[in-house]
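Here the structure is laid out as structure tokens; the discussion comes afterwards.
Predicted, not measured: the structure shown is a model, and the values here were computed from it. Order of the sequence lines fixes the chain letters, A, B, ..., with proteins taken first and strands second; residue numbering starts at 1 for each chain. Side-chain atoms are counted along with the backbone in the values below, which use heavy atoms only and exclude waters and symmetry mates.
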Amino acid sequence: MSLLRELPMSALTERLASGGVDLLIGPYVYRIRSNVAAIGQGLARLYADFTLAPNGSFVDFDVGLRQDTIAQKLRGQAQFLFDQQSPFDTVPVQQAYAFLEWGMNWCVSLHVNEYLKLHAAVVARKGAGIIMPGIPGAGKSTLCAALGLSGWRVLSDEHALITPGTIDLTPLSRPVSLKNESIQAIQAFDSGVILGPESRNTHKGTVAHMKADMAPHSHDINTVPAALMVFPRYSRDEPQELYHRYRSASFVLAAYHSFNYSVLGEDGFDAMQHLVSQVECFDLVYHDLDWAVAKMEELVG
Amino acid sequence: MRWRVSTAGKFYDENEGSVVYFDPASGDTHLLTDFAAQIVRELSGAAKTSRELEDSLADMTDTADQAQLREAIATVIGELVELGVVHLAVHDGQVVDSAPA
């Protein structure tokens, strides 16, 4: 099977604009279609080491970011497509790349219920999976990016996919979304970071995605057992600390951060109980990435 | 008045002073104190009056002050009613206000 990087840019552009490019991403096949230049550039930069799905593969998510009508071209707008339908309003074409990534997240957030899904970054070190739930702005993506640049494996920046009744985490490795000051913070942390197109003035401010599949076995689709749940919180004004959380309080907070805990009903409770009873839970308050990464290293011994 | 839990739910209790309770009737999950969780457990088995709860919970609390215990139970019952976890026991459309003979 070949990697995206093996496709010349001209071939990638042509395939995106016609039938689409099929990529293996975690357990899924995404078909991506686009006639917007930034999409091809972003994919070539951030998904270079992703595998092209074999011809005839079942496509789980068919997504696109296209400018098709004259009105869209005149107004500089583009449209996110899912199964060639338009679930959202058009967006400025300068923000197309960020919207493609958000749309790819949305596919999993909305349509996948075979897992207990938490809104969380997931990383792994020495075979131990760490779930880091958090609201947007909590600092989970920034920490996830710093860990990815420090030799950790990034399983996901957005979704913890837990098979109910187990502690198994299914990897869904994709680029890490960085926003506003986090972009400079990560560039300062590692000047070698590979970033995709910058999308300015989005509803989240300026957004750029980071190539996150640097660790060996980044695209291994085998599950990784969860060992810890860490709730990160960036705070410039508080002392940095790492401390144990009660499991019961962690249960409720993790449920709050779940995309489908309520949808799963009693099965969701059972799945969360199974998970929380088998992982240690911590709060991590940080403002210095080197300190936070060192603390995470301590946690996995 | 007798109180009851409409559908017995599930508890996640790690002896941490707080207990996670899943209410299957609403699908909601609540974080309860040990004391509130014990009231829910008591009312999951059978409808009980506040007085019966006082008797059941006396051993669990340090307080020797019966009035204090009564007040604590009333407060927690009020909160559990607000959450929809606990209801007045009703039989044939009538509030059941005493223990069965």
Side-chain angles (χ1 to χ4, degrees), chain A residues 109-110 113-120 131 133-135 160 162-167 226-231 233 242-283, chain B residues 3-47 53 56-57 59-63 69 72-73 75-87 89:
Chain A
S109 302
L110 199 72
N113 283 310
E114 65 265 39
Y115 302 103
L116 174 65
K117 283 180 299 186
L118 307 188
H119 185 209
I131 303 169
I135 56 170
I162 302 132
T163 305
T166 75
I167 54 169
L228 304 166
M229 182 137 54
V230 177
F231 294 84
R233 186 164 56 83
L242 173 73
Y243 53 93
H244 260 109
R245 284 183 65 88
Y246 282 142
R247 285 192 161 98
S248 50
S250 301
F251 182 120
V252 174
L253 193 53
Y256 172 77
H257 287 300
S258 174
F259 289 102
N260 65 342
Y261 173 82
S262 298
V263 174
L264 296 176
E266 199 167 330
D267 291 342
F269 177 89
D270 293 340
M272 191 69 84
Q273 177 173 1
H274 191 90
L275 172 70
V276 174
S277 62
Q278 295 195 54
V279 298
E280 280 194 274
C281 302
F282 296 88
D283 269 323
Chain B
W3 304 98
R4 66 180 178 86
V5 166
S6 56
T7 312
K10 288 186 164 181
F11 296 88
Y12 174 56
D13 188 352
E14 290 273 0
N15 295 314
E16 296 172 326
S18 56
V19 177
V20 182
Y21 176 68
F22 175 73
D23 179 0
S26 64
D28 291 337
T29 300
H30 306 285
L31 186 61
L32 306 177
T33 61
D34 271 342
F35 185 65
Q38 192 54 36
I39 289 178
V40 175
R41 284 190 178 103
E42 293 287 339
L43 297 178
S44 296
L53 282 174
S56 306
L57 296 170
D59 294 343
M60 187 189 176
T61 56
D62 296 335
T63 178
L69 177 59
I73 290 172
T75 301
V76 171
I77 289 275
E79 289 168 353
L80 292 171
V81 167
E82 211 164 290
L83 291 172
V85 173
V86 165
H87 306 270

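In this structure the side chain of B:Y12 never reaches within 4.5 angstrom of the side chain of A:M272, judged on heavy atoms. Between B:P24 and A:F269, the closest side-chain pair of non-hydrogen atoms is not below 4.5 Å.
Contacts between B:E14 and chain A at a heavy-atom distance below 4.5 Å involve the side chain alone, from C-beta outward.
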Please evaluate residues B:F22 and A:D270 with respect to the criterion side-chain contact (heavy atoms from CB on, under 4.5 Å), reporting the C-alpha separation (whole Å), side-chain torsions for both, the decisive distance (0.1 Å), and the verdict. CA-CA 10 Å; B:F22 175 73; A:D270 293 340; over 6 Å; no

Quick one, B:L31 with A:F251, criterion side-chain contact (heavy atoms from CB on, under 4.5 Å). Give me CA distance, side-chain angles, the key distance, then yes/no. CA-CA 9 Å; B:L31 186 61; A:F251 182 120; over 6 Å; no

Assess whether side-chain hydrogen bond (donor to acceptor under 3.5 Å, both in side chains) is satisfied between B:T29 and A:Y261, documenting all intermediate values. CA-CA 10 Å; B:T29 300; A:Y261 173 82; 2.5 Å; yes

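Within a 6.0 Å radius of CZ in B:F11, other residues, nucleotides and ligands contribute more than 12 heavy atoms.
In this structure, the separation between CG on B:N15 and CZ on A:R247 is 12.0 Å, given to the nearest 0.5 Å.
Between B:K10 and A:E266 there is a salt bridge, with a side-chain nitrogen of the basic residue lying less than 4.0 Å from a carboxylate oxygen of the acidic one.
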